[in-house]
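Below is one structure; the comments refer to it alone.
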Amino acid sequence: MMQQQQPTGYNNPYPPPPGGGYQPFNHGQGFGIPTDVPGAGSAQICGIIGLILFFNIVGIVLNIVAIVQGAKAMTEYTNNPGRYTEASFRKAKSGKTCGIVGLCLFGFGIIVFVMFMLAFASSF
């Protein structure tokens, strides 16, 4: 059996992987290359569109979807932080935040509308 020659000055304490080839960095968790959290991108998109359409039935539904998907994605990231990228966690967080802000704007709009109608009705 022939011994592999290492270049001089090369101090690698770890032997080369069996079979050679590319071995992804596993962040100490054994998961491989980090990927995006499932549902993070859709939470962000639904949150942004729901925020734009906050006083519409479609916007309300999108805001609720963004909150639910964002919460699921954030929970998944906190359970396995080495498996997913931090950027996808921020996407999930921003989607959830946009969904909450959109629902708050909808509630505020309803309150303003009711106050306006009460003020208008009492003038007659």
Side-chain angles (χ1 to χ4, degrees):
M1 185 163 173
M2 186 174 243
Q3 185 79 6
Q4 275 189 325
Q5 293 288 330
Q6 295 289 338
T8 57
Y10 184 78
N11 295 326
N12 186 3
Y14 305 106
Y22 173 73
Q23 298 294 319
F25 183 64
N26 65 5
H27 293 277
Q29 302 253 346
F31 294 124
I33 297 174
T35 60
D36 286 345
V37 180
S42 62
Q44 186 180 32
I45 291 170
C46 289
I48 291 171
I49 295 173
L51 187 59
I52 293 168
L53 304 173
F54 72 92
F55 208 74
N56 189 339
I57 295 296
V58 174
I60 296 168
V61 170
L62 287 175
N63 285 325
I64 293 169
V65 168
I67 292 170
V68 171
Q69 291 246 335
K72 283 182 185 178
M74 288 172 66
T75 303
E76 180 67 25
Y77 179 83
T78 54
N79 289 340
N80 302 309
R83 179 179 243 175
Y84 303 111
T85 60
E86 190 177 342
S88 64
F89 175 74
R90 289 192 301 262
K91 282 182 184 180
K93 193 172 181 180
S94 68
K96 183 178 174 185
T97 303
C98 286
I100 291 170
V101 170
L103 283 181
C104 289
L105 285 174
F106 174 73
F108 182 71
I110 292 294
I111 291 171
V112 168
F113 179 75
V114 168
M115 297 299 268
F116 178 76
M117 293 306 285
L118 288 175
F120 185 73
S122 66
S123 66
F124 283 116

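Position 1 is the first residue of the sequence; numbering continues from there.
- Atom CD1 in Ile49 sits 12.0 Å away from atom CG in Asn56 (nearest 0.5 Å).
- Atom CD of Gln69 is separated from atom CD1 of Ile64 by 13.0 Å, given to the nearest 0.5 angstrom.
- Under a cut-off of 6.0 angstrom, the local environment of CG in Leu118 is crowded, with over 12 non-hydrogen atoms contributed by other residues, nucleotides or ligands.
- Ring centroid separation for the pair Phe55 and Phe106 comes in under the 6.0 Å cut-off.
- Residue Ser94 holds its OG atom at 11.0 Å from CG of Leu51, rounded to the nearest 0.5 Å.
- For the ring pair (Phe, Tyr, Trp, His ring centres under 6.0 Å) test, no residue two or more places apart in sequence or in another chain qualifies with Phe54.
- Atom CD1 of Ile48 and atom CG of Asn63 lie 11.5 Å apart (nearest 0.5 Å).
- Note that CE of Met117 and CZ of Phe113 are 4.5 Å apart. Values are rounded to the nearest 0.5 Å.
- For the residue pair Ile67 and Lys96, the shortest heavy atom distance occurs at CG1-O, 4.0 Å.
- With contacts defined as side-chain heavy-atom distances shorter than 4.5 Å, the pair Tyr84/Asp36 does not qualify.
- Residues Val65 and Val58 do not share a hydrophobic cluster, defined by chaining ILVMFWY side chains whose heavy atoms lie under 4.5 Å apart.
- Hydrophobic cluster membership differs between Ile110 and Leu53, with clusters built from Ile, Leu, Val, Met, Phe, Trp and Tyr side chains linked at under 4.5 angstrom.
- A continuous path of Ile, Leu, Val, Met, Phe, Trp and Tyr side chains, each step under 4.5 Å between heavy atoms, connects Ile100 with Ile60, placing both in one hydrophobic cluster.
- Between Arg90 and Glu86, at least one side-chain nitrogen of the basic residue sits less than 4.0 Å from a carboxylate oxygen of the acidic one, meeting the salt-bridge criterion.
- With 3.5 Å as the limit, one finds a donor-acceptor pair spanning the side chains of Thr85 and Ser88.
- Members clustered with Met115: Ile111, by chain and number, using a 4.5 Å side-chain heavy-atom cutoff among hydrophobic residues.
- Under the 4.5 Å side-chain heavy-atom criterion for grouping Ile, Leu, Val, Met, Phe, Trp and Tyr, Val101 is connected to Leu103 within one hydrophobic cluster.
- Closest of all the heavy-atom pairs between Gly50 and Leu62 is CA-CB, 4.0 Å.
- A 4.5 Å side-chain heavy-atom check between Arg83 and Val37 finds every atom pair outside the cut-off.
- Taking all atoms of both residues into account, the shortest heavy-atom contact from Ala43 to Ala66 is O-CB, 3.5 Å.
- In terms of heavy atoms, Phe89 sits closest to Tyr77 at CD1-CD2, 3.3 Å.
- Here the shortest heavy-atom pairing between Ala92 and Ala73 reads CB-CB, 3.6 Å.
- Note that the CG atom of Asn79 and the CE atom of Met74 stand 12.0 Å from one another [nearest 0.5 Å].
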